[in-house]
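What follows is a single structure, written as structure tokens, with notes after it.
Note that this is a predicted model, so its numbers are computed, not measured. Worth knowing before you read on, the calculation uses all heavy atoms, side chains too, and leaves out hydrogens, waters and symmetry mates.
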Amino acid sequence: MTASEPLVGVDDVAGLAARILDEVERAVYGKREPLELIVIALLADGHILIEDFPGLAKTLTARSMAEATSMQFGRIQFTPDLMPSDVTGSSIYSQRLGDFEFRHGPIFTNLLLADEINRAPPKTQAALLEAM
């Protein structure tokens with residue numbers, strides 16, 4: 001193998017994407033096109049906005065996608081009283097250590113479902129957007 005040859009070929013990625021889609025479709029039936037778009041966004045290291053009516057498997061889709069790709073999954077339910085530090089984490093004084101230690105917020109995961117973002121205060125929304 002020379003330095004110019006790719007480590008993973010296009011066919012390898014396409015095969016892996018098809019296996020991921022087949023696995024997720026075992027839990028989320030009849031949404032192949034949106035699932036394909038999610039896989040594309042994951043491959044592009046992007047962010048995804050899923051809009052749909054309540055009860056149509058948005059959480060199941062995200063959780064299944066994380067499971068099929070061996071990613072850590074996290075979920076934040078945005079509410080009017082949610083603070084920015086509830087999203088990002090914060091430094092907490094530890095009497096045991098005699099110093100501050102950082103407690104990670106839920107954004108420290110591979111795949112995060114941020115549910116009902118519009119309900120949160122603007123500063124909390126900004127904290128999520130800044131982290132993205």
Side-chain angles (χ1 to χ4, degrees):
M1 179 179 276
T2 65
S4 62
E5 291 180 33
L7 296 175
V8 179
V10 174
D11 293 334
D12 297 330
V13 174
L16 179 60
R19 287 194 306 273
I20 291 169
L21 287 168
D22 292 341
E23 182 67 25
V24 174
E25 267 196 318
R26 292 175 56 199
V28 182
Y29 181 75
K31 295 192 175 219
R32 183 75 176 203
E33 188 175 333
L35 292 175
E36 288 174 351
L37 294 173
I38 292 170
V39 169
I40 290 168
L42 289 174
L43 289 171
D45 200 24
H47 299 94
I48 305 160
L49 175 63
I50 302 173
E51 290 183 303
D52 213 338
F53 295 105
L56 294 180
K58 294 178 294 295
T59 302
L60 179 63
T61 298
R63 188 180 309 275
S64 299
M65 192 63 69
E67 202 170 301
T69 56
S70 300
M71 292 184 183
Q72 288 180 333
F73 175 77
R75 181 179 182 274
I76 304 172
Q77 178 68 46
F78 281 81
T79 59
D81 62 339
L82 200 69
M83 302 295 292
S85 61
D86 294 331
V87 174
T88 60
S90 61
S91 293
I92 307 288
Y93 184 75
S94 170
Q95 289 182 342
R96 181 177 49 87
L97 298 175
D99 201 4
F100 287 91
E101 64 180 335
F102 184 73
R103 299 253 174 104
H104 293 91
I107 62 163
F108 289 92
T109 190
N110 299 116
L111 199 149
L112 177 70
L113 175 64
D115 206 358
E116 299 185 20
I117 299 170
N118 59 316
R119 296 179 62 201
K123 286 186 179 184
T124 304
Q125 293 177 19
L128 175 68
L129 293 173
E130 186 175 339
M132 290 167 59

Single-linkage hydrophobic cluster, 4.5 Å side-chain cutoff, Leu49 and Phe53 together: no
Hydrophobic cluster membership, Leu60 vs Leu56, 4.5 Å side-chain cutoff: no
Where Gln77 and Leu82 come nearest, the two heavy atoms and their spacing: O-CD2, 4.2 Å
Report the C-alpha separation of Phe73 and Met71 in whole Å, then their side-chain angles, then the decisive distance to 0.1 Å, and conclude whether the side chain to side chain contact (heavy atoms under 4.5 Å, CB included) test is met. CA-CA 6 Å; Phe73 175 77; Met71 292 184 183; over 6 Å; no
How about Tyr29: does its OH atom have over 12 heavy atoms from other parts shown lying under 6.0 Å from it? no
Drop me the distance from Ser90's OG to His104's NE2, to the nearest 0.5 angstrom. 11.0 Å
Single hit among Ile38, Leu113, Thr61, Leu111 for side-chain contact (heavy atoms from CB on, under 4.5 Å) with Ile48: Ile38
Is there a donor-acceptor contact under 3.5 Å from the side chain of Gln125 to the main chain of Ala120? yes
Determine yes or no for a side-chain-to-main-chain donor-acceptor pair under 3.5 angstrom, with Lys31 supplying the side chain and Glu25 the backbone. no
Treat each ILVMFWY residue as a node, draw an edge where side-chain heavy atoms are under 4.5 Å apart, and state whether Met132 and Ile107 are in one component. yes
Are Leu43 and Val10 connected in a single hydrophobic cluster, I mean Ile/Leu/Val/Met/Phe/Trp/Tyr linked by side-chain heavy atoms less than 4.5 Å apart? no
Would a hydrophobic clustering, with Ile, Leu, Val, Met, Phe, Trp and Tyr connected at side-chain separations under 4.5 Å, put Ile76 with Phe108? yes
Is it true that, when you exclude Glu116 itself, more than 12 heavy atoms of the residues, nucleotides or ligands shown sit nearer than 6.0 Å to its CD? yes
Mind listing the closest non-hydrogen atom pair of Pro80 and Pro121 along with its distance? O-CG, 3.3 Å
Against Phe78, only a single residue in Asp115, Asn118, Thr124 fulfils side-chain contact (heavy atoms from CB on, under 4.5 Å); can you say which? Thr124
Could you grab the distance from atom CZ of Arg26 to atom CG of Leu21, nearest 0.5 Å is fine? 13.5 Å
Under 3.5 Å, is there a donor-acceptor pair between the side chain of Thr109 and the main chain of Gln72? yes
Does this structure show an ion pair linking Asp22 with Arg32, if we count only N-O contacts that are shorter than 4.0 Å? yes
To the nearest 0.5 Å, how far apart are CD1 in Ile50 and CG in Leu37? 10.0 Å
Are any of the side-chain heavy atoms of Ile20 and Leu42 separated by less than 4.5 Å? no
Atom pair OH/CG of Tyr93 and Leu97 - distance to nearest 0.5 Å: 9.0 Å
Heavy-atom neighbours of Glu130 CD exceed 12 at 6.0 Å: no
Enter the distance from Phe102:CZ to Ile92:CD1 here, rounded to the nearest 0.5 Å. 9.5 Å
Closest heavy-atom pair, Val87 versus Pro106, reported as atoms and distance to 0.1 Å, is O-CD, 3.2 Å
Mind running side chain to side chain contact (heavy atoms under 4.5 Å, CB included) on Asn110 and Thr69 for me, showing each step along the way? CA-CA 10 Å; Asn110 299 116; Thr69 56; over 6 Å; no
Please check if the number of heavy atoms outside Glu67 that lie under 6.0 Å from its CD is greater than 12. no
How close do Leu35 and Val28 get, counting heavy atoms only, and between which atoms? CD1-O, 4.0 Å
Quick one: CZ on Arg75 to NZ on Lys58, what's the gap to the nearest 0.5 Å? 10.0 Å
